[in-house]
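Positions are given from 1 along the sequence.
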Amino acid sequence: MPWLEKTPQGRYHVGFRFGGLKYKKALRTRDERTANARVQRLDENLRLLEGGLLTMPANADVAAFLLSDGKLDGTKPNKPKRKLRTLGKLSTAFLASIPEGALEESTINGMRTHLKHLRRVLGASFSLPEASLEDLQSYVESRGKDNGIRGKRLSPSTIKKELTTLRTLWNWAKEAGHLSGQFPSRGLRYPKTHEKPPFQTLAQIEQRIARGHLSEREQDELWGALFLTTHELFELLRHVKATSSNDFLYPMFVLAAHTGARRSEILRSRLDDIDFASGVITIREKKRVQGSTTTRSSPLSPLLKSVLSDYMPLHPGGKYTFMAPPFIERSKRRTGTPSRITRDQAHDYFKRAVRGTSWSKARGWHVFRHSFCSNCAPTGIDQRVINA
């Protein structure tokens, strides 16, 4: 049997028992007659519920259900998800949505940089649902006037990468319910691209520069196309072996030269990937198949197998093949335990190793990939194998 309770402020509540539990509900009235009428209605519905003539939904608010004659279950409807509209808010939410390990950290950093430029040019408050082809074309023209690296104008390929990031954000926002429609890039025009020079040897590049009439930009582009002959690779590796004070550096150089592995693949390499018995090393990829981690196997050349075998007893510990020992010389990251070598550290080690030599113009570790591919092609190795 329900009962009435009155608060010191004069408001009425109803109390009742159901299913062995005690319930209390505010009636939102100070009028006694109204309160009694609501209690009577609740009592009648309670009898119907106990007699099986009224069915209550699961997880319903018992008091709200009984006071409304079974029309309300007391559950709050789900509020519609608030849609994000501005480039600033959408880019923040997009970056936060990327699962850990789904992309390379360098890829995520690149996307952050792209979005930073997009917010700078278009504005963080730019309403992305209202974006048009004209807006994107204006962005292309604005970015085309900016300076890129090494004193050159920003390349069209960089602008395309920035808008590819924006397209990726758009597709994510569309799946999340923030946007609708297609990315408005159909008909977008980019500045003409400048064809890169073909791969050339050190001697060929020096010969072309010696002829004169080349700007610094043209010379820089030539050095970007450098590949080393097998003899030059042998000499470079001998130089690194003789001058390096870090146990891991010479093995890193040999691995890059004898497999064509990317810098990221070298740093991702683990001790378990090296199979001395079978004579192969597994290369962990993240670029061959988009959104998927794949592997490829590369044979251990006699030199690489020997160098890695000699390096194993010197390994400072850890699962990765190349680990920096504690308190490594000339390192900003001084730790008391072995640490994984970062991409910036690897680049610094490379530049220090070739400084003052004829190979000092080499951009970085990728020169080994250029060299590996260029040296494999004349030997008759299938191009599909080289491309892998």
Side-chain angles (χ1 to χ4, degrees), residues 106-107 109-118 120-121 136-166 188-233 235-236 239-240 253 256-257 260 262-264 287 343-344 346-378 386-387:
S106 58
T107 300
N109 289 335
M111 295 172 78
R112 286 197 182 100
T113 300
H114 296 165
L115 292 170
K116 180 183 72 173
H117 288 300
L118 285 159
R120 177 178 60 82
V121 176
L136 299 185
Q137 189 64 58
S138 176
Y139 178 81
V140 171
E141 294 169 1
S142 176
R143 286 291 281 149
K145 299 175 184 177
D146 291 341
N147 291 327
I149 59 174
R150 302 182 181 93
K152 298 182 290 186
R153 287 290 186 190
L154 191 70
S155 69
S157 61
T158 299
I159 302 174
K160 288 181 181 179
K161 289 177 182 179
E162 292 173 355
L163 289 180
T164 297
T165 295
L166 184 59
L188 199 59
R189 301 185 305 277
Y190 294 92
K192 289 185 178 180
T193 58
H194 180 67
E195 185 178 7
K196 294 182 178 180
F199 291 151
Q200 298 169 64
T201 65
L202 181 65
Q204 289 172 324
I205 293 174
E206 289 177 338
Q207 186 179 37
R208 289 196 60 183
I209 293 176
R211 292 184 193 139
H213 310 294
L214 290 180
S215 65
E216 289 187 10
R217 173 182 174 180
E218 290 171 325
Q219 293 181 39
D220 187 68
E221 288 179 343
L222 284 176
W223 288 118
L226 171 67
F227 82 90
L228 305 179
T229 65
T230 52
H231 175 71
E232 289 167 340
L233 286 171
E235 291 297 324
L236 173 56
H239 166 76
V240 173
F253 269 74
R262 299 176 177 90
R263 176 181 60 184
S264 62
K287 288 197 173 184
R343 57 195 297 270
D344 290 337
H347 179 73
D348 183 62
Y349 295 142
F350 179 91
K351 298 305 289 185
R352 289 180 184 276
V354 300
R355 183 177 297 168
T357 70
S358 57
W359 310 288
S360 61
K361 292 291 186 179
R363 294 275 180 81
W365 293 91
H366 213 70
V367 70
F368 289 120
R369 189 164 178 80
H370 291 177
S371 305
F372 184 80
C373 296
S374 299
N375 289 321
C376 282
I386 298 175
N387 292 342

Parallel, tilted or perpendicular, as decided by the 30° and 60° cut-offs, for the rings of F350 and W365:
tilted
For L214 and I209, work out which heavy atoms get closest and say how close.
CD1-CA, 4.0 Å
For Q204 against Q200, the heavy-atom pair lying closest together:
OE1-CA, 3.3 Å
Quick check: closest heavy atoms across D220 and R363, and the distance to 0.1 Å?
O-NH2, 2.7 Å
Rounded to the nearest 0.5 Å, what separates atom NZ in K361 from atom CG in L226?
11.5 Å
Ring pair (Phe, Tyr, Trp, His ring centres under 6.0 Å) partners for F199, two or more places apart
H370
For the residue pair P191 and P156, what are the closest heavy atoms and their distance?
O-CG, 3.5 Å
When every non-hydrogen atom of P197 is compared with those of E221, the smallest separation belongs to CG-O, 3.5 Å
Show your reasoning for whether side-chain contact (heavy atoms from CB on, under 4.5 Å) applies to W223 and L202.
CA-CA 8 Å; W223 288 118; L202 181 65; 3.4 Å; yes
Distance from L236 atom CG to H231 atom NE2, nearest 0.5 Å?
11.5 Å
If you measure from CD on Q137 to OG on S142, what distance do you get to the nearest 0.5 Å?
11.5 Å
Step by step, work out the side-chain contact (heavy atoms from CB on, under 4.5 Å) result for R120 and R143.
CA-CA 10 Å; R120 177 178 60 82; R143 286 291 281 149; 3.2 Å; yes
Between CG of L163 and OG1 of T158, what distance do you get to the nearest 0.5 Å?
11.5 Å
Might you work through the side-chain contact (heavy atoms from CB on, under 4.5 Å) test for V367 and F227, ending with a clear yes or no?
CA-CA 6 Å; V367 70; F227 82 90; 5.6 Å; no
Which is it for D348 and K351 under the salt bridge (charged side-chain N to carboxylate O under 4.0 Å, His left out) test, yes or no, and what are the steps along the way?
CA-CA 5 Å; D348 183 62; K351 298 305 289 185; over 6 Å; no
Which distance, rounded to the nearest 0.5 Å, do you find between the CG of L118 and the CG of L136?
9.0 Å
In terms of heavy-atom contacts, does CZ of R189 have more than 12 from other residues, nucleotides or ligands at under 6.0 Å?
no
side-chain contact (heavy atoms from CB on, under 4.5 Å) between R208 and E218: does it pass, once the steps are laid out?
CA-CA 10 Å; R208 289 196 60 183; E218 290 171 325; over 6 Å; no
Least distance between heavy atoms, F253 atom then A353 atom:
CZ-CB, 3.8 Å
Value rounded to 0.5 Å, distance of CD1 in I159 from NE2 in H117:
10.5 Å
